[in-house]
Amino acid sequence: MTVTRFAPSPTGYIHVGNLRTALMNFLIARKAGGTFILRIDDTDPERSKEAYVDAIKEDLEWLGLSWDRVERQSLRLERYEAAAQSLRDMGRLYEVFETPVELDLKRKKQLNMGKPPVYDRAGLALSEAEKDALRAERGGYWRFKLDQERIDWSDGIIGDVSIDAASVSDPVLIRADGQMLYTMASVVDDTEMGVTHVVRGADHVTNTATQIQIIQALGGTVPSFAHHSLLTGPQGEALSKRLGTLALRDLRAQGVEPMALLSLMARLGSSDPMELRQEMAELIEGFEIGHFGTAPTKFDVADLGPLTAKYLHGLPYAEVAEEIAALGVPADQAEAFWSVIHENIEVRKDIATWWSLITEGAEPVIDAEDADFVAEALALLPAGELTGESWGLWTAAVKDATGRKGRGLFMPLRKALTGMAHGPDMAALLPLLQVIKARA
Ligand code: GLU
């Protein structure tokens, strides 16, 4: 049974970078008919905020990335404590006392001597008496003792990875104040929750190496790992600083449609072409984690506008019927209304804008040189019910009366009636224009 998880820390709003991770894990679980866990990594009580937990759920719900259950690390602290104790009992967790400044100094010395800046395990050499003295003076914290051998795994995206554990510092698992750090909590959860596939950013590759050893030490089953490349801006520039402006809630506020965003993110950086999907099921069906590449993936937020418009243009009436009814569009005009405007909207709220234009009229745009022409034309509007034929009859009559034709004839009329130089087919729009209907 496939089990995946999306494990955000509730320390901020989630953005497109997080979405890449969430979506991949979601799609893998759904494609396999497995379980997708939303795991809230909230072991840091100072930075974790309940408001962000709510916001993360709201953002995922908006996108339709439904989870099967929620887990909270803050409720599982005793599990991490128990695992830490077994590691201590095996001699794999040892207490250390260096301050950040001392560590920095050590690193500089190592680099000066041309050595890799790997923690020197000085803590392992301390006697009990020395530890007691240090504990009295400053807090001790805890590192996992890596087996200094190569750590290998077959990565779902990168392929074969081999990392020499001797080139990696023993990871800190517990802080001096007792706070369990991410690595400890994450491996215990992945093991105890039966997580089978972990997809996360390439910035986690070294973590994965150390986590594999911890999982093995705890007797757990090592999941399959896949590390996706990080997103960059359109010019290849690092996105990390701009991610704050790419929060999912901001994209939502801008009118981005979930399926437009998901369709893009499910294929960006993969060898499969981007295909705009109308349904989540198609996205799940067409997802292949193995088709993603390792090169940094360019993301351009400007792509979301046209994709959103294209998605909306392709929406069948049935999917918007309720929304259209809620605007007060009479049932006998609703479908015609959608078919007239659907290719002329860029975001969903344009539907309401078009309806108010139809019912309340637009602010006419009449160029000075067209003022007489428009006045003359409006006087010629056919009386009675406006139908699909009315536009043709009217413009023919206007042409006869004024001698204008082509663009010089049609454009001033469009601008006078809709306030815009572009929009739906006027012949189809005219019968809906209630303001004109009401004129007689
Ligand atoms: N909370 C971690 C993060 O947001 C989770 C990483 C992981 O997937 O293991 O980076």
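Values below: every heavy atom of this structure, side chains too, minus hydrogens, waters and symmetry copies. Both ligands and their constituent atoms are indexed starting at 1 by order of listing. All values derive from a computational prediction rather than experimental measurement. The chain is numbered in sequence order, starting from 1.
An N or O contact shorter than 3.5 Å is missing between R39 and ligand 1 by distance.
At most 12 heavy atoms of other shown residues, nucleotides or ligands fall within 6.0 angstrom of atom CZ in R79. Taking a 6.0 Å sphere around CZ of R150, one finds it holds more than 12 heavy atoms contributed by other residues, nucleotides or ligands. Within a 6.0 Å sphere centred on CD of E149, other residues, nucleotides and ligands contribute more than 12 heavy atoms.
Numbered from 1 in the order shown, with element, the atoms of ligand 1 that lie under 4.0 Å from a heavy atom of S9 read 1 (N). Close contacts between ligand 1 and D41 involve ligand atoms 1 (N), 2 (C), 5 (C) [criterion: under 4.0 Å to a heavy atom]. Atom numbering of ligand 1 starts at 1 in the shown order; those under 4.0 Å from a heavy atom of R200 are 7 (C), 8 (O), 9 (O). Distances below 4.0 Å separate heavy atoms of S186 from the following atoms of ligand 1: 9 (O).
In this structure, the separation between CZ on R20 and OG on S229 is 4.5 Å, given to the nearest 0.5 Å.
Among protein heavy atoms, atom 4 (O) of ligand 1 sits closest to A7 O, 3.5 Å. In terms of protein heavy atoms, atom 6 (C) of ligand 1 is closest to Y182 OH, 3.3 Å. What sits closest to atom 8 (O) of ligand 1 on the protein, heavy atoms only, is R5 NH1, 2.7 Å. Looking only at heavy atoms of the protein, atom 10 (O) of ligand 1 is closest to H204 NE2, 3.1 Å.
With respect to the salt-bridge test (charged N to carboxylate O, under 4.0 angstrom), the residues R135 and E95 qualify.
For R249 and W62, the positive end is not near the middle of the six-membered ring at less than 6.0 Å and at most 45° from its axis.
Looking only at atom types and distance, the side chain of D189 has a donor-acceptor partner in the side chain of Q73 under 3.5 Å away.
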